[in-house]
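A, B, ... follow the sequence lines: proteins, then strands. Residue 1 opens every chain. Because the structure is predicted, anything quoted here is derived from the model rather than measured.
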There are 2 protein chains.
Amino acid sequence: MSLSRQQIIDTALKILRDYGLADLSMRRLARDLGVQPGALYWHVKNKQELLGVLAERILENVDGGAAADDVAGDGGAAGPGASAGSIRRLALEIRRALLQVRDGAEVVSLAQALDPQALGPVITLRRLLATAGLGEPQAGWAARAVTHYILGAVAEEQTQADLVRAGLVTRDGGGDDDGSGASDGADDAFNFGVDLFLAGLSVQPASQS
Amino acid sequence: MSLSRQQIIDTALKILRDYGLADLSMRRLARDLGVQPGALYWHVKNKQELLGVLAERILENVDGGAAADDVAGDGGAAGPGASAGSIRRLALEIRRALLQVRDGAEVVSLAQALDPQALGPVITLRRLLATAGLGEPQAGWAARAVTHYILGAVAEEQTQADLVRAGLVTRDGGGDDDGSGASDGADDAFNFGVDLFLAGLSVQPASQS
DNA sequence: ACCTGAACACCGTTCAAGT
DNA sequence: ACCTGAACACCGTTCAAGT
């Protein structure tokens with residue numbers, strides 16, 4: 001029944017989930033599809049385009065009812081527009097989506113480096129920041145800053161997980177591994193970073209020039 | 001006079017500066033040194049170790065008289081310890097060092113992902129944050145958050161520069177290229193992000209345990 | 001101790017030729 | 001239109017054997 005672009009993407013995502021980015025080669029992908037490597041290039045421009053599509057897929061379910069913002073008091077640092085809650089919620093959702101797929105942050109980083117603003121959640125983020133009162137160059141800058149933080153933090157988590165899987169390192173770099181699986185500490189670290197941004201946003205420092 | 005670890009590192013750095021990370025292969029490195037690829041493995045464990053050493057080299061001159069903090073008013077968001085100025089200065093210095101070497105942020109990111117805290121400037125950053133009044137889990141979290149932002153932002157700058165070099169894209173993705181070479185806009189974007197962090201640090205939001 | 005030669009097990013991409 | 005076969009130009013790493 002011939003090869004389709006959709007099954008290439010689906011199979012690629014499956015390899016990513018099950019084996020990680022290091023195992024996602026065009027040749028391995030072709031083998032899993034029972035086809036010659038060259039056949040892929042009829043349906044897909046090159047590996048980079050494929051990774052870009054995968055990045056979109058990884059984030060496709062993210063946007064967090066972003067239109068709905070809670071105006072009620074959330075007892076913390078809130079921006080002028082009361083959308084601090086929405087921003088935090090969006091950030092946590094992006095992280096959750098990235099963590100669903102092995103090396104997800106790395107894949108999205110590759111796509112984002114080549115084409116900043118291309119990703120949906122980044123646009124949503126900028127919109128929220130605009131609603132919070134930021135003007136046009138600043139909203140974009142802030143959105144990308146938050147994105148860099150999220151991608152860096154989650155990439156670090158996932159790389160560490162890869163290393164643990166490979167047996168090259170134990171959790172926390174020497175800490176006690178109690179195996180209880182209770183929230184990891186990574187959650188707290190991530191939330192702290194997000195709060196840092198949100199607190200900063202409520203102040204709106206003057207930019208020089 | 002035989003091969004030395006030092007000249008391997010020096011030559012690798014030269015390839016990085018002149019041609020970028022994509023051209024830095026063990027085989028290319030061996031060729032430039034007039035030696036067989038296998039010879040490198042006598043002096044260096046593998047490519048990853050080499051990249052780690054390069055990351056240190058890229059950042060070696062960074063630490064920004066970090067001991068010296070200006071207590072005088074700097075008219076902005078300052079932490080309790082008056083070290084907001086030092087933190088900003090350190091962040092700008094890290095960026096400057098990364099920009100000296102083509103794909104410098106990418107290389108440092110690779111090293112940092114495998115071993116967070118290993119990098120000198122990250123430690124300096126944590127120390128400054130501790131001086132600013134942050135406790136022990138938080139100072140480390142904040143230091144890594146700032147690091148992720150810096151690496152992500154500069155990596156984006158450099159990837160864009162690579163694409164421009166390759167002629168695959170023009171500046172700013174459709175903007176007017178006036179060729180005046182005046183500060184790029186990237187400087188402003190970067191400073192804005194750093195200020196965001198600094199403003200956030202002066203507030204110290206409560207983290208949910 | 002330090003390096004060569006040669007191999008092992010891979011890559012991404014292209015493209016004539018087939019159907 | 002869609003795929004195969006085969007090639008081109010590479011990778012990182014290992015390791016017997018040489019000096």
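- The pair B/D10-B/R57 meets the salt-bridge criterion, since a charged nitrogen lies less than 4.0 angstrom from a carboxylate oxygen.
- A cation-pi arrangement is absent between A/R102 and A/Y19, since the terminal nitrogen or guanidinium carbon is not both under 6.0 Å from the aromatic centre and inside a 45° cone about the axis.
- One can place CG of B/L3 at 13 Å from C1' of C/dT4, the figure rounded to the nearest angstrom.
- Using a 4.0 Å cut-off, some side-chain N or O of B/Q36 falls inside it from OP1 or OP2 of C/dG5.
- Checked against a 6.0 Å centroid threshold, the rings of B/F190 and B/Y149 count as neighbours.
- Of the side-chain N and O atoms in B/W42, one or more sit less than 4.0 angstrom from OP1 or OP2 of C/dC2.
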The contact string for nucleotides 14-19 of chain C, one letter per nucleotide 5' to 3', using protein heavy atoms under 4.0 Å with B, S and - for base, sugar-phosphate only and none, comes out as BB----

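- Separating the CZ atom of A/R27 from the P atom of D/dT4 is a distance of 14 Å, rounded to the nearest angstrom.
- Distance NZ (B/K47) to P (C/dC11): 16 Å, rounded to an integer number of Å.
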Its dot-bracket string being built from Watson-Crick and G-U pairs below 3.5 Å, with | for another strand and [ ] for crossing, DNA chain C has the pattern ||.|||||...|||||.||

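- Which of D/dC11, C/dC2, C/dC11 sits closest to the side chain of A/R31 comes down to C/dC11.
- The distance from atom CG of B/L50 to atom P of D/dT13 is 10 Å, rounded to the nearest whole Å.
- At D/dA1, none of the side-chain N or O atoms of A/H43 fall inside 4.0 Å of OP1 or OP2 (strictly under the cut-off).
- Sorted by first and then second residue, the salt bridge (charged side-chain N to carboxylate O under 4.0 Å, His left out) pairs with a member in residues 147-156 of chain A read A/E156-B/R144; sequence neighbours excluded.
- With rounding to whole Å, B/L51 atom CG is found 10 Å from D/dT13 atom P.
- Within the model, atoms CD1 of B/I94 and CZ of B/R89 stand 13.0 Å from one another, a figure rounded to the nearest 0.5 Å.
- With both ends at atom C1', the span from D/dC10 to C/dC8 equals 15 Å, rounded to whole Å.
- Straight-line distance from the CE atom of A/M26 to the P atom of D/dA9: 21 Å, rounded to whole Å.
- Here A/S25 reaches the OP1 or OP2 of C/dC11: one of its side-chain N or O atoms lies under 4.0 Å away.
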